[in-house]
Amino acid sequence: MRMQHIGLLLLSATILGVIPTMAGAKTCRTYYDDERLAVMHENLANHEWARTYMNNLLEGDGEEKPWKWGGHCFSVRLWAERDQEFFWNLMPTTRVTMMYPTDRYGISPKHGTAVREGRAFYHPWNYDPFNHPYRIQDPVDGEWYPSNDFAAGDMTSGEYPD
């Protein structure tokens, strides 16, 4: 009987801890609040350094090179032009396993550990969320994995499904 009481207490504590957590879920901007955004807009209106910085980010040009990766400089314009829905849709469902043990899975199905040569050990893959959502590209031969199209609801097709 004592074990049942302990189990009931633990269950109650868990439920009581979950409900307030759910009530505190994020529903609006938190870091870039109205005050912070107002300061950014004011800086853009009044200071050349702010306009130069923003233009460098949007064009990927100038002294400050954003998104420098593999010797290339990328513009953030493609990201800045997207709406909030695009970013929400980038997040896969929680049904997708969220682990990446590089010692076992950080390899190419065709090229093994050659994908790591001259690249970051923990994530050597290329990605393009605009044209190939939920996929990564093998830097050795350019093939996209997994072979199934998760974005279209396909979970099993091809030689290398996820």
Quick one: [atom1] on [X] to [atom2] on [Y], what's the gap to the nearest 0.5 Å?
X	Y	atom1	atom2	value
Trp79	Phe86	CH2	CZ	5.5 Å
His111	Glu143	NE2	CD	7.5 Å
Asp149	His132	CG	NE2	10.5 Å
Asp34	His41	CG	NE2	9.5 Å
Glu159	Asn148	CD	CG	13.0 Å
Ser108	Arg116	OG	CZ	11.0 Å

### Task
Walk me through it: do Thr52 and Asn55 pass the test side chain to side chain donor-acceptor pair (under 3.5 Å)?
CA-CA 5 Å; Thr52 299; Asn55 289 333; 5.9 Å; no
### From CA spacing to verdict: side-chain contact (heavy atoms from CB on, under 4.5 Å), Tyr145, Lys110
CA-CA 11 Å; Tyr145 297 104; Lys110 290 185 177 178; 3.6 Å; yes
### Query
Around Glu81, counting heavy atoms of other residues, nucleotides and ligands shown, do more than 12 lie under 6.0 Å from its CD?
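Yes - once you tally the heavy atoms of other residues, nucleotides and ligands closer than 6.0 Å, there are more than 12.
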### Task
Take atom CD of Glu48 as the centre, draw a 6.0 Å sphere, and report whether it contains more than 12 heavy atoms from other residues, nucleotides or ligands.
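Enclosed: over 12 neighbouring heavy atoms sit under 6.0 Å from CD of Glu48.
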### Message
When you group the ILVMFWY residues by side-chain heavy-atom contacts below 4.5 Å and let the links chain together, are Leu44 and Val39 in the same group?
### Response
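Unlinked, Val39 and Leu44 end up in two clusters.
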#### Entry: Tyr160 reachable from Trp144 in the ILVMFWY side-chain graph, under 4.5 Å edges
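Cluster IDs for Trp144 and Tyr160 differ.
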#### Entry: Nearest heavy-atom neighbours spanning Ser147 and Pro161
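Here Ser147 and Pro161 meet closest at OG-N, 3.1 Å.
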### Task
Taking all heavy atoms of Trp125 and all of Gln137, pick out the closest pair and write down the distance.
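For Trp125 versus Gln137, the nearest heavy atoms are CE3-O, 3.4 Å.
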#### Entry: Pairwise side-chain contact, Tyr53 with Asn43, heavy-atom cut-off 4.5 Å (strictly under)
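Result no, sub-4.5 Å side-chain heavy-atom pair not found.
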### Task
Check whether any side-chain heavy atom of Val115 sits under 4.5 Å from a side-chain heavy atom of Asp138, and report yes or no.
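SC-SC contact between Val115 and Asp138 confirmed.
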### Task
Test the Arg135-Phe150 pair against the cation-pi criterion, namely NZ or CZ under 6.0 angstrom from the six-membered ring centroid and within 45° of the ring axis.
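So Arg135 doesn't make the cation-pi contact.
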